[in-house]
Number of protein chains: 2
Amino acid sequence: MLLKSNFVTKNKNVILYGISLAVLLFLLKWLELRFIIMSHAFEIYAGIIALIFTGLGIWLALRLTKPKIKTVVVEKEIYVEKPENFTVNQHELAKLNLSKRELEVLNLMATGLSNQEIAAQLFVSVNTVKTHSSKLFEKMEVKRRTQAVEMAKRLNIIK
Amino acid sequence: MLLKSNFVTKNKNVILYGISLAVLLFLLKWLELRFIIMSHAFEIYAGIIALIFTGLGIWLALRLTKPKIKTVVVEKEIYVEKPENFTVNQHELAKLNLSKRELEVLNLMATGLSNQEIAAQLFVSVNTVKTHSSKLFEKMEVKRRTQAVEMAKRLNIIK
DNA sequence: TTAAAAATCACCCGAAAGTATGAACGATGA
DNA sequence: TCATCGTTCATACTTTCGGGTGATTTTTAA
C-alpha cells in the first residue's frame, strides 16, 4: 500500500503525461475529423499540435526539473567559557621593554605575592625584588604594584 | 552597435525559437511530401511533431525560466570567546558577604588606586577606607589588597 | 522598638612597599 | 676594549598598608 502510494507519487508526472497524451490524441482524432476535409486544414492542425505540445513540454520541464540546491551556511555562535587560549600580547609586551626578571616579578605580583614571598620564589633578596619592581614600575609608568598588575592584565601581557 | 548587440543578447532565446520554428516548418513540409501518400502516415507525422515540439517546449522552458533554487540552511557552529558581557558571579559574591561599601572599595582597589585615592573618590577619610579594606580582607580571608583583587577577578565578582 | 550590622572616623604601631643611591659582576655588542 | 644592560645586593629613608582597638552615627531587620 505504502509502496504503491510511493510509486504513484514518484511517477506522478509520468502518469500525468500519459493521461495528457491520451486526452490529446482523442482531441486530435476529433480535430482530424473536423478539419481533414478543409483546404489548408492540415497546416492549422500541425500548428495546433505544435503549440499544444510546446506547452506540454514547457509544463513538463517545469515539473520535472530538480531545483538547484543552494546551501547557505549560517554561523551559529556558541559562547564558550573563556577557554585557556590566552596568548600574550607580544606587541605590548615588547613596547614595555621589560627584562626577563622584571616580567617574572610582575607575574608573581599578579598572583598576590608579597615582595618577601617573591624573593623566596626567585631565591634572591627582598632588596633585589624591590629593585626589579621599582624598575618595572618606572617602565610601565605606574606608581604601585596594583596598578602594574591591572595594566598588565588589561594589556594582556600576563594571564 | 552596442544597443543592437544588447537586443540580440536579450532576445536570443526568442530568435532561436523563431529560427527553430522556420527549420521545423521546412522539415515538416518535406515530411509532408514524403509521408502524405502513405497509409497511416498522418499519425506518425503527428507523433513526430508532438515529440519534437515537446522537446522544444522542454528546451524553451529550461532556457527561459529562472532556475529553481532550493535554499538549504546549514547551521555551522563556531566557537567564540565570551565577549565583554561580564556578569557578576552573584553566588560567589553572596558567599563573601561583603557590604556595599566594602565592594566599592574592592572595585577601586582593583583599578590600582591607593587608600588615599580611594578615600578621595568616596569622599571619606583614609581611616574609613582602611577599616573597609581590613574588613573585606578578613571576609575574603586574604592578607593583601593584591590577593583580594586577584581572588575577586578569579571568582568573577569584579570586572 | 530594639538589637545587629554597616558606615564613619581616630590613633597607634609594625610590616610592607616603594624611592634613591651606590656598588659589584657578567653578558652582550659595537 | 669599552660602554651598556641586566642582575644582584645593600643601606637609608619615606610612604603606604594593614592590624588592633575603640567610638559614634545611621541603617536595617527582627
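The chains referred to below are lettered A, B, ... by the order of the sequence lines, with proteins before strands, and numbering in each begins at 1.
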Subject >> Intermediate values then yes/no, side-chain contact (heavy atoms from CB on, under 4.5 Å), B:Leu60 and A:Thr54 >> reply: CA-CA 9 Å; B:Leu60 263 179; A:Thr54 301; 4.2 Å; yes
Euclidean distance, atom [atom1] of residue [X] to atom [atom2] of [N] [Å, nearest integer]:
X: A:Leu122; N: D:dG6; atom1: CG; atom2: P; value: 17 Å
X: B:Gln147; N: C:dA17; atom1: CD; atom2: P; value: 10 Å
X: B:Leu136; N: C:dA5; atom1: CG; atom2: P; value: 18 Å

**OP:** List in numerical order all residues of residues 89-102 of chain A for which some heavy atom is under 4.0 Å away from an atom belonging to DNA chain C.
**Re:** none
**OP:** Using a 4.0 Å cut-off on protein heavy atoms (strictly under), produce a 5'-to-3' string for nucleotides 10-23 of chain D with B for base contact, S for backbone-only sugar-phosphate contact, and - for none.
**Re:** BB-----BBB----
Original post:
How does each nucleotide of nucleotides 24-30 of chain C score, in 5' to 3' order, for protein heavy atoms under 4.0 Å: base (B), sugar-phosphate only (S), or none (-)?
Top reply: -------
**OP:** May I ask you to decide if B:Glu117's main-chain N or O and B:Gln121's side chain share a donor-acceptor pair within less than 3.5 Å?
**Re:** no
**OP:** Sorted by first residue and then second, give each side chain to side chain donor-acceptor pair (under 3.5 Å) pair with at least one member in residues 96-112 of chain A; sequence neighbours left out.
**Re:** A:Ser99-A:Glu102, A:Arg101-A:Glu104, A:Glu102-A:Lys139
Atom [atom1] in [X], atom [atom2] in [Y]: separation rounded to 0.5 Å?
X: A:Leu24; Y: A:Phe53; atom1: CG; atom2: CZ; value: 4.5 Å
X: A:Leu27; Y: A:Ile52; atom1: CG; atom2: CD1; value: 6.0 Å
X: B:Met151; Y: B:Leu106; atom1: CE; atom2: CG; value: 10.5 Å

Which residues share a side-chain contact (heavy atoms from CB on, under 4.5 Å) with [X], sequence neighbours left out:
X: A:Leu96; value: A:Leu98, A:Met140, A:Ile157
X: B:Thr146; value: A:Arg145, A:Thr146, B:Arg144
X: A:Gln90; value: A:Val88, A:Leu93
X: A:Val72; value: A:Val74, B:Thr71

Original post:
Using rotation axes that map the C1' atoms of four end pairs onto the next four (five pairs an end), what angle separates the end axes of the helix from C:dT1-D:dA30 to C:dA30-D:dT1, to 10°?
Top reply: 60°
**OP:** Kindly write out the residues that satisfy salt bridge (Lys or Arg N to Asp or Glu O under 4.0 Å) with B:Lys95, not counting sequence neighbours, or none if the list is empty.
**Re:** B:Glu92
Subject >> Contact list for residues 18-27 of chain A, test salt bridge (charged side-chain N to carboxylate O under 4.0 Å, His left out), sequence neighbours left out >> reply: none
**OP:** For B:Ser125, enumerate each residue passing the side-chain hydrogen bond (donor to acceptor under 3.5 Å, both in side chains) test, keeping only those at least two apart in sequence or located in another chain.
**Re:** B:Thr128
